[in-house]
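The structure presented is a predicted model; accordingly, all values stated were derived computationally and were not measured. Residue numbering restarts at 1 for every chain, and letters A, B, ... go by the order of the sequence lines.
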There are 2 protein chains.
Amino acid sequence: MRPESRKQEIINAAAILFKEKGYSAVTMRDLAKAMGIKAASLYNHIQSKQEILSTIIIGLAEEFTIGMNKIVNSDENTIQKLENIIDLHIDVTLRNADGLASLNNDWMHLEENNLQYFEKMRQEYEDNFRDIVKKGLEKGEIKPYNVEIMVFSTLSTLRTLYLWYPEQKEIDSDILKRDMISVLLKGVA
Amino acid sequence: MRPESRKQEIINAAAILFKEKGYSAVTMRDLAKAMGIKAASLYNHIQSKQEILSTIIIGLAEEFTIGMNKIVNSDENTIQKLENIIDLHIDVTLRNADGLASLNNDWMHLEENNLQYFEKMRQEYEDNFRDIVKKGLEKGEIKPYNVEIMVFSTLSTLRTLYLWYPEQKEIDSDILKRDMISVLLKGVA
DNA sequence: AAACAAAACTAACAATTGTTAGTTTGATAC
DNA sequence: GTATCAAACTAACAATTGTTAGTTTTGTTT
């Protein structure tokens, strides 16, 4: 076992509860009950409720930031880049669907420093996405629809994957990727 | 002024706050401050915090239910039906973007009866949507991608319109509809 | 079996929560 | 000017919140 093992168990349990009811509606006593211990015992492992939230969200946001930077700086064409973004979202969703609920719905409850850090990463992510689409449009690799609408509709689908995928267990991950790419990109390319 | 005018002002203010922080994180004192009065004074107009939430959500859910029923029972072809669904979402979003935040993120905080009622309406809405896509597929009016993925990606875009549209004031509502239809449907049709 | 650390516990706190009861204000109708 | 009524107020409540301090239990290493 790693030294952080118990802490990670708490964070995982918290992510599930946050997904079901949202950060504010989950009490430390709720979390403790889910762990089978008393609320005060949680504090042997974590510093605060806030620390749990920021651990969940910032880690995921950094994953997206790193993934997006690799894609932007690659020399592939626009369609391939968009496919890689879809890939990135599916991969992260498969690995941590619960945590993505917090990232999507509870980021505003981060405290000052982490809130700013998060908003900066999200802004840069969206800017990178937009740039890819814009350049694709200039090169004629993409149909001339409104850029904002293309970015928005694609991103909103990818962002809500976490809600949907865990229920679709029969769909293979590779089939998901293929059809998702078709549905999201063939209307655009 | 209508007799419910003051109550409606409170509900509108609440919808804005719920959108920003979520139902659980908004206190009655927050809401009172936004209205420029004391928390206790709110209860001259409303019965409970819960009543505010259910008024916002159930009203919108019923709007969607009525709209969808009209579309399903019409004799238009599949693509036209899907266009009408996009229309419906854009119309409701333009009229009540704030309330849609609660419908999307805070429905689980409805109390027992309204929660069941809401979940039933949402289930039927999704079933109707799926049926339209399935029949379109059988008639060959739609490309043969995975039905669930098509339904999911379209619906998740439409459901998050509320997040995005209020910031895009320069885009005309008719242009939005046209491009949204293009992006969402041309990849599918 | 003695020592140690990890992880649980009990008890309590100060602050905040939704809500109530009863009272005062201010405008409109007579 | 007095009665009326909606809509504000003050004061308080019981419950719940995140968190702390100090103590006991548990399991492993010597």
| Spatial distance of atom CD (B:Glu141) from atom CD (B:Gln80) [nearest 0.5 Å] | 9.0 Å
| query | Can you tell me how far the NZ atom of A:Lys177 sits from the OG atom of A:Ser182, to the nearest 0.5 Å? | reply | 14.0 Å
| said: Output the rounded distance in Å from NZ (A:Lys7) to C1' (C:dA7). | reply: 15 Å
Scan the side chains in residues 55-64 of chain B for donor-acceptor partners under 3.5 Å anywhere in the protein, sequence neighbours excluded, and list what turns up.
| unit_1 | atom_1 | unit_2 | atom_2 | d |
| --- | --- | --- | --- | --- |
| B:Thr55 | OG1 | B:Glu51 | O | 2.7 |
| B:Glu62 | OE2 | B:Tyr117 | OH | 2.6 |
| B:Glu63 | OE2 | B:Arg95 | NH1 | 2.4 |
| B:Glu63 | OE2 | B:Arg95 | NH2 | 3.4 |

| message | Using 0.5 Å steps for rounding, measure from the CD1 atom of B:Ile142 to the CG atom of B:Leu82. | response | 5.0 Å
| message | Any donor-acceptor pair, under 3.5 Å, between the side chain of A:Asn44 and the base of C:dA8, if you only look at N and O atoms? | response | yes
| note | Taking every heavy atom of A:Ser54 against every heavy atom of A:Leu110, the minimum-distance pair comes out as CA-CD2, 3.6 Å
| A:Ser41 vs C:dC9: side-chain N/O to OP1/OP2 distance below 4.0 Å | yes
| task | Rounded to 10°, tell me the angle between the two end axes of the helix from C:dA1-D:dT30 to C:dC30-D:dG1, each built from five pairs. | result | 0°
| query | Honestly curious: do B:Ile11 and B:Ile16 fall in one hydrophobic cluster under the side-chain, below-4.5 Å linking rule? | reply | no
| message | Given the ring of B:Tyr23, does B:Lys49 sit roughly above its face, with NZ or CZ under 6.0 Å from the centre of the six-membered ring and within 45° of the axis? | response | yes
| query | Please give, in whole Å, the distance from D:dT10 P to B:Ile37 CD1? | reply | 12 Å
| task | Find the distance B:Lys38:NZ to D:dT10:P and express it as a whole number of Å. | result | 4 Å
| Reckon A:His45 has a side-chain N or O less than 4.0 Å from the OP1 or OP2 of C:dA6? | no
| task | Heavy atoms under 4.0 Å is the rule here; annotate nucleotides 15-21 of chain D 5' to 3' with B where the base is hit, S where only the sugar-phosphate is, and - elsewhere. | result | --BBBBB
| Closest approach of A:Ser102 to A:Leu53 (non-hydrogen atoms, all atoms of both residues) | CB-CD1, 4.3 Å
